[in-house]
Amino acid sequence: MAAVAVIPEAAAGPAAATPRGGRVWRRLVLGLAALYFAVPMAVSFWFTVRTGDGGLSLAAYGRILSAPGFVPSLLLSLGLAAATITLVLLLTLPAMLAARLGAPRLGPLLEVIATLPLVVPPITYVVGIGTALRGGVDALAATPLWATLIAIQDERFPVVLVLAYVMLTLPFAHRSLDAGLRAIDVRTLVEAARNLGASWPHVLFRVIMPNLRPALAGASFLTLALVMGEYTVAALLGYQTFPVWIVTVSGNDGQLSVALSILSLLLIWSLLLTLSGAGRRRS
Amino acid sequence: MPLLTVVAVAFGIPVLTLLAGAFTVEDPATGTSTFGTANLSRSLQDPYLGTISSSVRLSAVVAVAGAVAGTILAQAVITSRFRALRETVLTFSGVLANFGGVPLAFVWIATLGNSGVVTTMLGLGSGVLYNFWGLALVYLYFSVPLMVLVVTPALDGLRPQWREAAYNSGATTWQFWRHVGVPVLAPALLGGVVLLFGGAFAAYATAAAMVGSTVPLVTLQIADALTGDVLVGYENIALALSLDMIVVALLVMAVYLPLQRRSSRWLR
């Protein structure tokens, strides 16, 4: 999931005139596309509900709750997502506001920083993290930093994953907030509020944040979807997040893992649909 | 700036370690390490070169096929009379383009895997999915929607008036596409191809959950080197392979960003 794409807005004006004889191929194309995209989904659902003797049953979905490790891994992923969202917003929003208000030269720098994680594929990033952690533990064994290094790799809540996810989501958070900030006149809002006697925290929480609500929600949703679906980094660093757990479980029970996949998809899709719905209403 | 600090720590250290490791050659006999390019040159020889070229071929197939299919689909949707269809397809594309990783693999295993529903229904036998073309088919599931999203604004930019002007001047449909449509769309199309290539090249979770190691891919090779039985110096090969991947990704971005800027010129 390298590219979290954004849905283009509908163009104004009527659709282009139909060229002669275009209807047949259009139906053919749409039919083939519908087949290609719908069949795997429908068939997967069928796969999870059929039973050995030809009957139907939702037992595979019932087994999810009782499967060992389901609750801890889901909670871990949700916790990581919450921490990542908080951290990525805390880091990017003040920096981007500062770039707009006081230090315009920061803007291009932020853009470069936000593009960097796109250049490094997650698999190579995790190789770097793994090597750095191992090397760090050896090199810093005698110093107080050693305890920090061990602490951020805590199995119950690996801070190192949060840091990695902040990097992976940075481009998308930046893009979403940038679009939101572009739509409002930050400088005028801030100056007006300050002239009326508002304090800086008041300006931030009562003036800027409400105006940015769609952008903040968008950035949070994208981050949530990304963290809930991220496999590469967590698997290679050896943590049991939700997607990693799905793969672990798949060895024993094919139906269960497909049922889980469908459920996690529905979760992510409803998030993204809410997001695109919010985007539509704004525009 | 807290952001800069966090980026420096969480991003700078791993990348620098990666660079340092890729250029560090460990002597298995003495255990001393020296600075050199031996890892890099080994990572560009067999068997590692094979995985890189396999990855590149897979990504190229996915990128070209996805770009062609996505453009055709987008054009079919855009010229349709039903606006609801357009909204639906775009929304679904936005959702499916983000559909990668583990769930994608399992959905396809349930469909075309060895005991998949379609496999048994059509009696296809085993191993349909677990090869190069099976993986390409699965990657297209998120690549085609991504292409639809990328190319739709560009196709919208093709004004109906241009088409009418061309037809009124006596041009055929072929001539219109040859001299007007494709040249205007070229940056957007190429940009889409490059983007799809990058996405397929970096994908790991789907392949890992689906084919294991029956299809040699550079991402799988790196993961093996990292988690498997680590021989001395083998780990640094993984670092060198990672560096190779970053170089490819850098090339992808270097081509993509100017193209994107160029294509947006027509989209006002």
Side-chain angles (χ1 to χ4, degrees), chain A residues 1-5 7-8 10-11 15-19 22 26 29-30 33 37 39-41 43-44 46-47 91-92 95 113 116-125 127-132 135 163-164 166-167 225 229 231-232 236 243 246-247 250 257-258 261 264-265 269 272-273 276, chain B residues 1-3 6-7 10-11 13-15 17-18 21 72-73 76 78-81 83 86-87 90-91 94-103 106-108 110-111 117-118 146 149 152-153 156 160 163 173 195 198-199 202 204-205 209 219 222-223 226-227 238-239 242 245-246 249-250 253:
Chain A
M1 238 164 65
V4 175
I7 300 165
T18 308
R26 188 179 310 135
V29 166
L30 291 176
F37 288 107
V39 163
M41 289 295 151
V43 155
S44 304
W46 169 246
F47 184 84
L91 287 175
T92 46
I113 288 179
L116 273 180
L118 289 181
V119 175
V120 178
I123 181 98
T124 63
Y125 181 44
V127 169
I129 298 177
T131 317
L163 290 177
V166 166
M167 285 303 113
Y231 173 77
T232 311
L236 289 184
I246 295 183
V247 176
S250 78
S257 60
V258 176
S261 299
S264 75
L265 277 183
W269 287 6
L272 289 169
L273 285 179
S276 74
Chain B
M1 291 290 282
L3 175 66
V6 171
V7 169
F11 195 75
I13 292 180
V15 171
T17 316
L18 205 159
I72 293 175
L73 179 60
I78 280 175
T79 54
S80 161
R81 285 166 300 149
R83 290 201 56 85
R86 181 200 158 98
E87 292 292 311
L90 284 182
T91 306
V95 167
L96 286 173
N98 297 309
F99 174 27
V102 177
F106 282 125
V107 162
W108 277 94
T111 309
V117 176
V118 174
L146 184 59
L149 291 181
T152 298
D156 274 336
R163 189 193 285 267
T173 303
L195 195 63
Y204 164 70
T219 48
I222 292 175
L226 202 63
T227 55
L239 296 176
S242 307
M245 276 194 81
I246 294 180
L250 266 175
M253 290 307 277

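Lettering follows sequence order; numbering is per chain, from 1.
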Residue A:S264 versus chain B: region with a heavy atom under 4.5 Å: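 When you check distances to chain B, only side chain atoms of A:S264 fall under 4.5 Å.
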
For A:I246 against B:F106, the heavy-atom pair lying closest together: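 Between these two residues, the closest heavy atoms are CG2-CE1, 3.7 Å.
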
A:V29 to B:L73 - nearest heavy-atom pair and separation: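 So the minimum-distance heavy-atom pair works out to CG1-CA, 3.9 Å.
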
Leading residue by heavy atom contact count with chain B [cutoff under 4.5 Å; candidates A:P243, A:P121, A:G128]: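 Heavy-atom pair counts peak at A:G128.
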
